[in-house]
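To keep things clear, I will list the structure first and then write my remarks on it.
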Amino acid sequence: MKTCPDCLAEIPTEAAFCRHCGERVEGKPCSACGARNWPQATLCRWCRNPFEQSRVQLEFAPFRVEARLLPTFLQRHRLLAQSIELMRDKLVVRTPGPFNLSCREEEIPWRKVAGFDYHSGLFWDRVTIETRGQSASVIGCLSKADGTKIREVLRALES
């Protein structure tokens, strides 16, 4: 048995939460309010204080790539092309809806990237980005130069 740090009740040794007060008994403490959070938390659940994190630092200049219009029209039957923006802390895949009435933006922090698949076609490239806890993001109809540039950044992330 162990003691809950909040209500001082006796709880089983393997318990992560107190069965009397419902608070976490182990985890990452917040420096501002003292609340215990999940070990992978980036913000305190009570006061929203950010935790220091070991971030993945990639050495590249942020850039934005847009899929080519002709292959987008031929393959997806759309006149609006997808785009991907690679920044220091995340990447954003934008997929415009029909007639640009909507736009789906997928923000993927680098720490959530689990892997990628690069497909080099005869004329255009496609990149699939696998993530932890989210569905895979696919951007196709890329020029050879743009596809290679994205692949190099993702390769650097793996090492």
Side-chain angles (χ1 to χ4, degrees), residues 14 16-17 23-159:
E14 63 277 351
F17 294 90
E23 289 297 314
R24 281 191 66 74
V25 294
E26 294 177 358
K28 187 186 325 186
C30 175
S31 60
C33 71
R36 283 167 304 284
N37 296 272
W38 292 104
Q40 64 271 23
T42 56
L43 295 174
C44 175
R45 64 189 171 105
W46 290 110
C47 68
R48 309 300 289 167
N49 182 47
F51 289 113
E52 288 294 322
Q53 343 177 19
S54 59
R55 290 197 210 197
V56 175
Q57 287 296 327
L58 298 174
E59 296 299 322
F60 70 95
F63 63 94
R64 183 173 189 265
V65 170
E66 195 163 306
R68 299 291 172 227
L69 189 58
L70 178 62
T72 298
F73 179 72
L74 294 174
Q75 291 180 357
R76 299 184 65 229
H77 309 293
R78 303 262 171 102
L79 290 174
L80 301 165
Q82 285 181 299
S83 66
I84 183 169
E85 187 173 358
L86 288 88
M87 297 173 258
R88 296 257 183 231
D89 57 340
K90 64 184 175 183
L91 58 97
V92 179
V93 178
R94 290 182 183 85
T95 307
F99 306 110
N100 211 18
L101 295 174
S102 65
C103 183
R104 188 175 83 197
E105 287 191 1
E106 299 172 86
E107 289 190 12
I108 306 168
W110 289 114
R111 62 183 162 73
K112 285 207 167 200
V113 175
F116 74 98
D117 179 46
Y118 175 76
H119 179 75
S120 180
L122 192 56
F123 301 107
W124 303 290
D125 293 352
R126 181 182 72 227
V127 177
T128 303
I129 301 166
E130 302 290 335
T131 57
R132 295 177 184 93
Q134 294 175 304
S135 59
S137 298
V138 179
I139 181 164
C141 307
L142 297 168
S143 70
K144 295 289 186 186
D146 291 340
T148 303
K149 192 173 180 182
I150 293 169
R151 181 180 62 183
E152 293 307 315
V153 171
L154 292 171
R155 268 195 189 155
L157 181 66
E158 287 182 336
S159 56

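Predicted model only: the values in this text are computed from it and were never measured.
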Query raised in the report: Atom CD1 of Ile139 and atom OG1 of Thr95: how far apart are they, to the nearest 0.5 Å?
Result: 7.0 Å
Query raised in the report: If you count the non-hydrogen atoms of other residues, nucleotides and ligands that lie under 6.0 Å from CZ in Phe73, is the total more than 12?
Result: no
Report task. Could you tell me the separation between the CZ atom of Arg64 and the CG atom of Asp146, rounded to the nearest 0.5 Å? Result -> 11.5 Å
Query - Expected output: side-chain Arg132 to main-chain Val113 donor-acceptor under 3.5 Å - result: yes
Query raised in the report: With a 4.5 Å limit on heavy-atom distance, are the side chains of Asn49 and Cys33 in contact?
Result: no
Report task. Indicate yes or no: at least one non-hydrogen side-chain atom of Lys144 is less than 4.5 angstrom from one of Ser120. Result -> yes
Query raised in the report: Do Lys28 side-chain atoms and Cys44 backbone N/O form a donor-acceptor pair below 3.5 Å?
Result: no
Report summary line: Sorted by chain and number, sequence neighbours left out, salt bridge (Lys or Arg N to Asp or Glu O under 4.0 Å) with Arg24 holds for none
Query raised in the report: Rounded to the nearest 0.5 Å, how far apart are CD of Glu26 and CD of Glu14?
Result: 10.5 Å
Query raised in the report: Are Gln82 and Cys141 close enough that some pair of their side-chain heavy atoms sits under 4.5 Å apart?
Result: no
**Report entry** Heavy-atom side-chain contact between Ile84 and Ile129 under 4.5 Å
**Finding:** yes
Query - Pairwise distance CH2(Trp124) to CG(Leu70) - rounded to 0.5 angstrom - result: 5.0 Å
Query raised in the report: Heavy-atom distance under 4.5 Å between the side chains of Ser31 and Phe51, does that happen here?
Result: no
**Report entry** Closest non-hydrogen atom pair, Leu69 against Leu80
**Finding:** CD1-N, 4.4 Å
Report task. Applying salt bridge (charged side-chain N to carboxylate O under 4.0 Å, His left out), run through Lys90 and Glu105 and close with a yes or a no. Result -> CA-CA 12 Å; Lys90 64 184 175 183; Glu105 287 191 1; over 6 Å; no
Query raised in the report: Would a distance-only check, ignoring hydrogens and angles, find a side-chain to backbone donor-acceptor pair under 3.5 Å from Trp110 to Met87?
Result: yes
Report summary line: dist Glu85:CD -> Glu66:CD (nearest 0.5 Å) comes out at 11.5 Å
Report summary line: Only residue of Leu91, Val93, Val127, Val92 satisfying side chain to side chain contact (heavy atoms under 4.5 Å, CB included) with Ser137 is Val93
Query raised in the report: Within 45° of the ring axis of Phe99 and under 6.0 Å from its six-membered ring centre, is that where the NZ or CZ of Arg78 lies?
Result: no
Query raised in the report: Partners of Arg151 by side chain to side chain contact (heavy atoms under 4.5 Å, CB included), sequence neighbours excluded?
Result: Phe116, Tyr118, Thr148, Arg155
**Report entry** Under 3.5 Å donor-acceptor, Arg68 side chain and Gly140 backbone
**Finding:** no
Query raised in the report: Of the non-hydrogen atoms in Thr128 and Ala136, which two are nearest, and what is the gap between them?
Result: CG2-CB, 4.0 Å
Query raised in the report: Do Arg126 and Val138 come within less than 4.5 Å of each other through their side chains, counting heavy atoms only?
Result: yes
Report summary line: Closest non-hydrogen atoms of Asn37 and Ala35, given as atom of the first, atom of the second and distance, are ND2-O, 3.1 Å
Query - Heavy-atom closest pair, residues Gly27 and Arg36 - result: O-CG, 4.4 Å
